[in-house]
Every structure is written in structure tokens, then in C-alpha cells.
*Asks:* 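Input: one structure, supplied below.
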Amino acid sequence: MQSLSGKTAVVTGGGNGIGFRLAHHLGREGMHVVLADLDPESLEDAAAALRGANVEVLAVQTDTSRQESVEALARAALDRFGRVHVVCSNAGVGAGGPVETAPLETWERVFGVNIYGNIHCLRAFIPPMKAMDEEAHFVFTASSGGLLASEPMFPFNAPQYIVSKYATVGLAECAYYQLLGTKIGVSCLCPSATNTRMGTRGGRDVAAIEAAARQNRSIEQVERNRALMAKGQDPDIVARKTVEAIKQRRFWVIPETNVLPAIRRRFQAIMGEGEMPAPREWIDD
Ligand SMILES: NC(=O)c1ccc[n+]([C@@H]2O[C@H](COP(=O)([O-])OP(=O)(O)OC[C@H]3O[C@@H](n4cnc5c(N)ncnc54)[C@H](O)[C@@H]3O)[C@@H](O)[C@H]2O)c1
């Protein structure tokens, strides 16, 4: 999509972090922005900040883990702006614990937002995007933790999170192939540690996430991960690179390249040419 000006973008998880910066940069390109977030306070603050930068904004409180909530979001966006050209399916939560003891509820909660949230957005937005027959683009926010399980820095080293992001990468690749030959492009954004509030107030149930994490991991581990995120990439850089990819209709968006050698080693292991990358090998802490 070369020209974004005057068109409409929907950003889920737009109240904070990467989603808010995506909304900001899409707004700077002249897009109308539909901000969706579970947390009403974040949504209000983010919408006010964007309006202050002269962006036309519709804020819709949304729980992406619920299909009917995402359908209501799509209806609100279409009622207000008529068409949707860009969807950033970005809302996500971090949580987790050991594969054999983490409560099933943790798996369900993380999959609800991080996997089903994307599925709900595809189901709600791809049909009207196809019907409008104009250039459009769908962005999945996955993670470098969706390409590499030895990724050390995701909140609480959570297998539930990693699995949800592997699923997101798979879903993005399937959508890419299914939409080839249409006017809808697809990108898969795989950030590494990014300096956001994920794991501190990312979503309404952060207290439950932390309680689960503290049962399964030491406080030191939780705090260490937070410290790693604080040293992570600026979400503004992640968002800028994503908007470039939307304009160039590029699939992969890997904003932090220090993860690439470990990903290469993983593929070399798949090819029978070496060992799996060691946990934490590319981290400088
Ligand atoms: N921060 C990182 O290190 C990092 C790294 C890789 C990938 N990611 C991914 O980037 C995306 C954005 O994360 P972030 O770091 O900006 O986190 P963040 O916590 O700063 O922002 C996430 C936003 O999503 C909202 N949200 C949570 N659950 C929701 C739901 N069910 N429905 C709608 N909104 C919901 C939260 O209220 C919050 O405003 C996530 O998918 C995350 O997994 C983050």
C-alpha cells in the first residue's frame, strides 16, 4: 500500500506500547485510526494523545479474546469510516509457567488473546476488506519468541506465550498464502524485547498473570525479565519499521536483528547441520 493518507486503520492493543506507536505512525501518514483496547483508561489516554496530534480517532473498548467484541469493533469501524484498509492485530498478553504445572487457565487465557484474538480479527475484517476491492493490509504482531523457543526474555520465560506466538507466525503464513492474488497484503511482525509495559499492566488481568508467574517462577526471574524488557528496543522503532513494511507489502518484519543468528542456528539444526541454539546465547546481560 503505497498511499495510506485518508484511509482507515484498526489497531488492537492500541492503548499502550507497540500498538499505540503503530497508531501514532499510521495517523502521521494521514490515516484515520480506530483504536481498540481492553483497558478503558489506556484507550482514553491514547485516543486523547492522537487527537492532540490531529489524528481522527475512534476509540472502541474491545476484548479481542471474544469474537462478539471484535465483531462489534468491526461494525463500529465500518459505520464510522465506511472501509478498513489496515488492521494491526496486535493485542497480546504475556504469562506462563512450567509446561507440566502451569494451570490450564493460564494456557487458555494466553491462547484466548494471543491466538484467538488474531482469528477473531481475521474473521471480522477480511470479508469486508475483500469486498471493498481496494489495496489493504493485515499485520499480525507475533514475536521473535514465535521463531525461537530459546528466546529468554519474554515475560516469565513463558511456554504458553511462546506457543501462542509460534501459532501466530503459522496463522500469518497461512493468511499470506491464502490471500496471494488478492489486494490484501500480510505482514508478520516479530519484535524482540521491546521497552513497553507488557507484563506490568498489559491488560485487565495483570494481577492474575503476575500471581501465576510468581507461583511458578521466582520473583528474581520475573524481575530479571522486566529488566531485560526495559533494556529492549524502543516501540517507536518497531512501529516505524512496521509501517514501512505495510507500504512495501513486505511479509517479515524483524525489527531487532540480534536474534537472527540464533534463528539461523535453529534452521541449521532442522537441516541436520548443527545443534539447537543454546538458551540465552544471543543475550547480552
Ligand atoms: N514488549 C515486548 O518485549 C514484545 C516483544 C515481542 C512481541 N510483543 C507483542 O507485541 C504486542 C504488543 O505488546 P506490548 O509490548 O506493546 O504490550 P503492552 O502491554 O504495552 O500493550 C498491549 C495492549 O494490549 C491490551 N490488551 C491486552 N489484552 C487485550 C484484549 N484481550 N483485547 C484488547 N486489548 C488487549 C492492553 O490493555 C495493552 O494496552 C503483543 O502482541 C506482544 O505479545 C511484545
Side-chain angles (χ1 to χ4, degrees), residues 10-24 34-47 59-70 72-73 88-96 108-121 139-148 151-158 160-169 171-172 188-206 208-210 225-239 242 253-256 259 283:
V10 174
V11 182
T12 72
N16 284 296
I18 295 169
F20 175 63
R21 298 314 301 172
L22 278 169
H24 172 84
V34 182
L35 272 184
D37 205 286
L38 183 63
D39 177 23
E41 211 175 294
S42 299
L43 192 59
E44 207 172 292
D45 291 351
V60 185
Q61 191 185 359
T62 307
D63 180 352
T64 60
S65 70
R66 291 174 43 236
Q67 172 75 46
E68 62 275 20
S69 182
V70 179
L73 166 68
C88 297
S89 183
N90 167 79
V93 291
E108 288 162 0
R109 184 156 34 80
V110 174
F111 289 7
V113 183
N114 296 9
I115 302 178
Y116 278 92
N118 292 315
I119 294 168
H120 297 152
C121 285
V139 179
F140 295 84
T141 303
S143 167
S144 53
L147 298 168
L148 195 66
E151 163 65 82
M153 61 176 60
F154 286 88
F156 327 126
N157 287 3
Q160 294 74 15
Y161 183 80
I162 298 283
V163 172
S164 75
K165 293 302 184 178
Y166 267 68
T168 301
V169 170
L171 191 58
C188 183
L189 166 62
C190 296
S192 294
T194 308
N195 188 5
T196 70
R197 298 172 190 170
M198 188 172 69
T200 57
R201 63 178 273 220
R204 185 175 48 195
D205 49 10
V206 74
I209 291 170
E210 294 203 355
N225 281 315
R226 284 209 179 137
L228 284 170
M229 278 178 61
K231 287 198 296 182
Q233 202 168 29
D234 183 340
D236 198 62
I237 296 172
V238 174
T242 308
V253 191
I254 315 281
E256 175 58 89
V259 71
I283 254 284

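Values below: every heavy atom of this structure, side chains too, minus hydrogens, waters and symmetry copies. Counting starts at 1 for both ligands and their atoms, following the listed order.
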*Asks:* Between His120 and Val70 (side chain of the first, backbone of the second, donor and acceptor by atom type, cut-off under 3.5 Å), is there such a pair?
*Replies:*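 Absent.
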*Asks:* Are the side chain of Thr168 and the backbone N or O of Asn114 linked by a donor-acceptor pair below 3.5 Å?
*Replies:*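 Side chain of Thr168 to backbone of Asn114, a donor-acceptor pair under 3.5 Å: yes, one is there.
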*Asks:* Please state whether Tyr161 comes within less than 4.0 angstrom of ligand 1, counting heavy atoms only.
*Replies:* yes
*Asks:* To the nearest 0.5 Å, tell me how far Phe140 CZ sits from Cys88 SG.
*Replies:*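 One finds 11.0 Å between CZ of Phe140 and SG of Cys88.
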*Asks:* Say you draw a straight line from CD of Glu44 to CG of Asp39; how long is it, rounded to the nearest 0.5 Å?
*Replies:*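 Nearest 0.5 Å value for the CD-CG distance: 10.0 Å.
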*Asks:* Any idea which of Asp37, Asp39, Val110 brings a heavy atom closest to atom 36 (C) of ligand 1?
*Replies:* Asp37
*Asks:* Please confirm whether Thr12 approaches ligand 1 to less than 4.0 Å, judged on its heavy atoms.
*Replies:* no
*Asks:* For atom 5 (C) of ligand 1, which of the options Ala193, Ser143, Ser192 provides the nearest non-hydrogen atom?
*Replies:*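 Looking at heavy atoms only, Ser192 sits closest to atom 5 (C) of ligand 1.
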*Asks:* Out of Ser144, Ala46, Gly92, Gly112, who is nearest to atom 22 (C) of ligand 1 when you count heavy atoms only?
*Replies:* Gly92
*Asks:* Any idea which atoms of ligand 1 are less than 4.0 Å away from a heavy-atom of Ala91?
*Replies:*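 Checking each atom against Ala91, I get 33 (C), 34 (N), 35 (C), 41 (O).
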*Asks:* Does OH belonging to Tyr116 count more than 12 external heavy atoms closer than 6.0 Å?
*Replies:*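 Open.
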*Asks:* What I want to know is whether Ser42 and ligand 1 share at least one N or O pair that is separated by under 3.5 angstrom.
*Replies:* no
*Asks:* Evaluating non-hydrogen atoms only, which member of Val113, Leu38, Thr141 is closest to atom 34 (N) of ligand 1?
*Replies:* Leu38
*Asks:* With distance as the sole test, does Thr12 use its side chain to make a donor-acceptor pair with the main-chain N or O of Ala91 at under 3.5 Å?
*Replies:* yes
*Asks:* As an exercise, identify every atom of ligand 1 less than 4.0 angstrom from a heavy atom of Arg197.
*Replies:*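 This gives 19 (O), 20 (O) as the contact atoms.
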*Asks:* Out of Thr64, Val11, Leu189, Ile18, indicate the one that has the non-hydrogen atom closest to atom 32 (N) of ligand 1.
*Replies:* Thr64
*Asks:* For ligand 1, which atoms have a heavy atom of Ala142 less than 4.0 angstrom away?
*Replies:*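 Ligand 1 atoms under the 4.0 Å threshold to Ala142: 7 (C), 9 (C).
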*Asks:* At less than 4.0 angstrom from any non-hydrogen atom of Thr62, what atoms of ligand 1 do you find?
*Replies:*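 Under 4.0 Å from Thr62, ligand 1 has these atoms: 32 (N), 33 (C).
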*Asks:* So is Gln233 in contact with ligand 1, going by heavy-atom distances below 4.0 Å?
*Replies:*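 Judged by the 4.0 Å heavy-atom criterion, Gln233 does not count as contacting ligand 1.
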*Asks:* Taking Thr194's backbone N and O only, do any of them form a donor-acceptor pair with Gln233's side chain (distance below 3.5 Å, no angle check)?
*Replies:*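 A pair under 3.5 Å: no.
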*Asks:* With respect to atom 6 (C) of ligand 1, which of Pro191, Pro235, Gly232, Gly145 exhibits the smallest heavy-atom separation?
*Replies:*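 It is Pro191 whose heavy atom sits nearest to atom 6 (C) of ligand 1.
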*Asks:* With sequence neighbours excluded, what pairs up with Asn90 under the side-chain hydrogen bond (donor to acceptor under 3.5 Å, both in side chains) test?
*Replies:*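 Per chain and number, Asn90 pairs via side-chain hydrogen bond (donor to acceptor under 3.5 Å, both in side chains) with Thr141.
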*Asks:* Ser69: which residues meet the side-chain hydrogen bond (donor to acceptor under 3.5 Å, both in side chains) condition with it, sequence neighbours left out?
*Replies:*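 For Ser69, no residue satisfies side-chain hydrogen bond (donor to acceptor under 3.5 Å, both in side chains) once neighbours in sequence are set aside.
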*Asks:* Would Asp37 and Ser42 count as having a side-chain donor-acceptor pair, cut-off 3.5 Å?
*Replies:*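 Their side chains do not contain a donor-acceptor pair, so the 3.5 Å distance test is not met.
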*Asks:* Does Gly117 have a non-hydrogen atom less than 4.0 Å from ligand 1?
*Replies:* no
*Asks:* Below 3.5 Å, N or O to N or O, backbone or side chain included: is there any such pair between Asn90 and ligand 1?
*Replies:* yes
*Asks:* If we ignore hydrogens and angles and just use 3.5 Å, is the side chain of Thr62 paired with the main-chain N or O of Val60 as donor and acceptor?
*Replies:*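 Here the side-chain-to-backbone pair exists.
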*Asks:* What are the atoms of ligand 1, with element, lying closer than 4.0 Å to any heavy atom of Gly17?
*Replies:*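 Per the distance check, 16 (O), 20 (O).
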*Asks:* Using a strict 4.0 Å cut-off to heavy atoms of Val93, name the atoms of ligand 1 that fall inside it.
*Replies:* 27 (C), 28 (N)
